[in-house]
Amino acid sequence: MLRVLKEVKLRDWITILVSIGFITLQVWLELTIPDYMNNIIKEINKGQGNGSIGSIWQNGGLMLALTLASLLASVVTGYIAARVAANVSMNIRGAVFNKVESFSMDEISKFSTPSLITRTTNDVTQVQMLFTMGLQVFFKAPITAIWAISKIYGKNYASLTILVGSIIAFLIVFVLVIVLAVLPKFKKVQALTDNLNNVTRENLTGLRVVRAYNAEDYEEEKFNQANDKLMKNYLFTNTFLSFINPVLIVAINFLSLGIYYLGAHIINGMPGETIGDFVGRGNTLADIMVFMSYAMQVVMSFLMLVMILFILPRAIVSSKRIKEILDTDNKIKDGGLTALDGKDLGTVEFRNVSFKYPDAEEYVLENINFKANRGDTIAFIGSTGSGKSTLINLIPRFYDITEGEVLVNGNDVRDYKVNELRNMLGYVPQKGVLFSGSVKENINFGENGFIGNVDEQLDKALEIAQAKSFVDKMDDKVDSHIAQGGKNVSGGQKQRLSIARAVYKNPLIYIFDDSFSALDYKTDKILRKELSLKTDHATSLIVAQRIGTIKNANQIIVLEEGKVVGQGTHNELMKTCEVYQEIAYSQLSKEELSND
Ligand SMILES: Nc1ncnc2c1ncn2[C@@H]1O[C@H](COP(=O)(O)OP(=O)(O)OP(=O)(O)O)[C@@H](O)[C@H]1O
């Protein structure tokens, strides 16, 4: 919770202080009202007929005015609490989002995407609720309790004070037992919500496959299981919490009965002979009534604190989950070099690189060595799971290597500022990723390092990526809307727009992770030709499955179970590398291969 409180800005702390002022005023008003009640009873007790009526009206009027003033103070406090809660939750959400953005793939997979979403939304809402309700109750309840108890002490009724003390002690023990019982279950609620999000998300993203395979029942069963667990957990906690209100009401009733009973004893024990005695008894009755009001205030403050108990445990669990994100140390550390610090521009070199995924036992890549000079095209081929994507993901530092060195422009990638390093690279992932927005926004994306004429560069990028023809056919051309995830364009179009995004930034080094797979052979060929002709001698690293895509590369690296089993040009590999030959013959006939 303390970590979350760090996100409360100075301005909010000042607002909170103002609200404490209003809360104190409200408590003072509420605790002053019984004094006027006391005056009224004493006036009635005096029995001075019309003489008393005026005083009763006066005291009654004051009681009404104080009540209205207290109402006003309460509205102001509520408004401030809502404002502070909204501000704080906005700050926390922003801090969590920024932190998640800086995470490497390692941290993201440790938390899991659904959990990160729940933590940014649902968990922050829990904390917001605590602030909205808690601010009023947290401060009001103790202030009221302490003030009212001090007033009770002033009344000097030992038996009544003991009664109030015992009931409070009972309530404290009772509430503690309940909290201890439900706290572990509250911890589970958020984890189960993550699980529910996970199942829902998976089902929605794979909806077409679910329908095509008539797997609705299977998915429904998975959802029901997750839903059922969450429901049972809620049922357990709410059953326990449902005991609180009835027990409190019984305690309040017991308290009133007890005060009446003990009060009657006190009054009975007083002399009742003269008129003066009767006035004395009447005044004691008035005092006991006031005592009762204070005692009720004390118990009511407990009631308010109990309301917090409905949200406090969940908010504590949520703030711990938020803290976990905020305190996670990002493994990818920024270096000090900028893009200008390169000695050997456009080169990419792997020196004895070995890599295993975090927490994995086995190496996925072992002892990889190669060097790409400026303008070279280096291709990676190999069976599925041989480590091609893993290898190229090490260049933008999606993961950091376990052993060896990855050099870009002659410098270790870990020595660059991460932004500077990534601005030098044009990375096109295996699956084209598009965001909701226009075609233009998708290509001129992020802080991409490009300085120059945007429209001209956009046109060039679309042309090279063979995307211009279909973008020109769209209703609003480059301003046409792309749906979330690129749902309104085809797989091949998505890939071409992703390639255009990389071309747009005019990078020094291109990284294509099997990015031509959804293109037809003709487009694939034209696109690669255009790329090599018009991209300022950029270096290209291409992962591909098709021999046709990589045949003309300066160097082809054949991977097998994370090891290099062949390295050279197409012709060299056709002579020396058995794995390469197998791939080549499985795709092209001997005639086709010898023709090229
Ligand atoms: N995030 C990850 N955590 C742990 N292991 C992973 C992760 N990603 C990939 N792997 C493992 O690393 C190995 C290499 O995977 P990689 O994706 O690099 O292969 P690939 O050659 O690109 O395959 P494909 O051609 O099918 O895309 C695989 O055995 C895979 O199971």
Side-chain angles (χ1 to χ4, degrees), residues 100 102-116 198 201-202 205-206 209 328 330-332 348 350 352-370 372 377-404 406 413 425 427-433 491-492 494-495 498-499 502 510-519 524 540-551 553 555-567 573 577-580 582-584 586-587:
V100 171
S102 74
F103 278 174
S104 73
M105 304 319 270
D106 180 19
E107 284 101 38
I108 291 195
S109 56
K110 242 180 219 148
F111 282 106
S112 89
T113 311
S115 178
L116 287 173
N198 192 11
R201 190 169 177 269
E202 209 172 49
T205 37
V209 179
T328 296
N330 194 348
K331 290 216 178 97
I332 303 291
V348 178
F350 273 49
N352 303 320
V353 171
S354 295
F355 174 75
K356 56 181 165 187
Y357 278 101
D359 302 327
E361 300 271 303
E362 309 249 316
Y363 279 93
V364 177
L365 294 172
E366 279 178 70
N367 205 25
I368 309 286
N369 285 289
F370 71 85
T377 297
I378 305 280
F380 303 89
I381 197 162
S383 51
T384 52
S386 54
K388 307 179 296 288
S389 302
T390 306
L391 186 151
I392 54 169
N393 281 341
L394 299 175
I395 304 167
R397 294 185 73 197
F398 293 148
Y399 291 97
D400 267 345
I401 53 168
T402 318
E403 284 158 33
V406 174
V413 285
L425 309 173
Y427 172 79
V428 187
Q430 210 161 11
K431 266 201 247 161
V433 177
K494 222 189 277 184
Q495 266 195 348
S498 301
I499 294 169
Y510 282 97
I511 300 174
F512 297 105
D513 186 357
D514 208 2
S515 324
F516 307 110
S517 58
L519 306 179
D524 177 4
S540 295
L541 304 176
I542 304 178
V543 167
Q545 307 280 0
R546 294 185 200 152
I547 292 280
T549 309
I550 59 165
K551 247 177 71 192
Q555 201 182 152
I556 300 169
I557 292 166
V558 188
L559 287 174
E560 182 79 356
E561 293 182 359
K563 295 186 192 80
V564 176
V565 292
Q567 195 162 356
L573 290 170
C577 181
E578 210 175 309
V579 178
Y580 188 77
E582 269 173 35
I583 301 171
S586 69
Q587 292 181 12

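Ligands are counted one by one from 1 in listed order, and the atoms in each one are counted from 1 as well.
- The protein non-hydrogen atom at the shortest distance from atom 18 (O) of ligand 1 is T390 OG1, 2.4 Å.
- Close contacts of ligand 1 with S386, meaning ligand atoms under 4.0 Å from a residue heavy atom, involve 19 (O), 21 (O).
- Within ligand 1, counting atoms from 1 as listed, the ones closer than 4.0 Å to a heavy atom of Q430 are 27 (O).
- Checking side-chain atoms of K388 against main-chain N and O of G382 turns up a donor-acceptor pair under 3.5 Å.
- In summary, the side chains of E107 and S104 do present a donor paired with an acceptor at a separation below 3.5 Å, with no hydrogens or angles considered.
- Taking 4.5 Å as the limit, every side-chain heavy atom of V543 sits out of range of all side-chain heavy atoms of L391.
- Between F512 and Y510, the ring planes lie parallel to each other; the angle is under 30°, not in the 30° to 60° tilted range.
- Proximity of L394 to L365: side-chain heavy atoms (C-beta onward) are separated by under 4.5 Å at one or more points.
- When only non-hydrogen protein atoms are considered, atom 28 (C) of ligand 1 lies nearest to G385 O, 3.9 Å.
- Using a non-hydrogen distance threshold of 4.0 Å, S109 does not register as a contact of ligand 1.
- Only side-chain heavy atoms of V364 come within less than 4.0 Å of ligand 1; its backbone N, CA, C and O stay farther off.
- Scanning all protein heavy atoms for the shortest distance to atom 10 (N) of ligand 1 gives Y357 CE1, 3.3 Å.
- Atom 25 (O) of ligand 1 has its closest protein heavy atom at K388 NZ, 2.8 Å.
- Contacts with ligand 1 closer than 4.0 Å are made by side-chain heavy atoms of Y399 only, the backbone lying farther away.
- If you look at M105 next to ligand 1, there are no close heavy atoms at all, none under 4.0 Å.
- Counting heavy atoms from C-beta on, the side chains of T390 and Y399 never come closer than 4.5 Å.
- For atom 6 (C) of ligand 1, the nearest protein heavy atom is under 4.0 Å away.
- The backbone N or O of S112 lies less than 3.5 Å from no partner atom in the side chain of S115, so there is not a single donor-acceptor pair.
- At least one donor-acceptor pair under 3.5 Å links the side chain of S515 to the backbone N or O of D513.
- Two residues are said to be in side-chain contact when any heavy atoms from C-beta on lie closer than 4.5 Å; N369 and V564 fail this criterion.
- Every heavy atom of G382 sits 4.0 Å or more from the atoms of ligand 1.
- Distance check on atom 31 (O) of ligand 1: every protein heavy atom falls at or beyond the 4.0 Å cut-off.
- Looking from atom 17 (O) of ligand 1 to the surrounding protein, the closest heavy atom is S389 CB, 3.8 Å.
- Counting the atoms of ligand 1 from 1 in the order shown, those under 4.0 Å from a heavy atom of Q545 are 25 (O).
- Note on ring orientation: taking the six-membered ring where Trp is involved, the planes of F370 and F350 are parallel (angle under 30°, cut-offs 30° and 60°).
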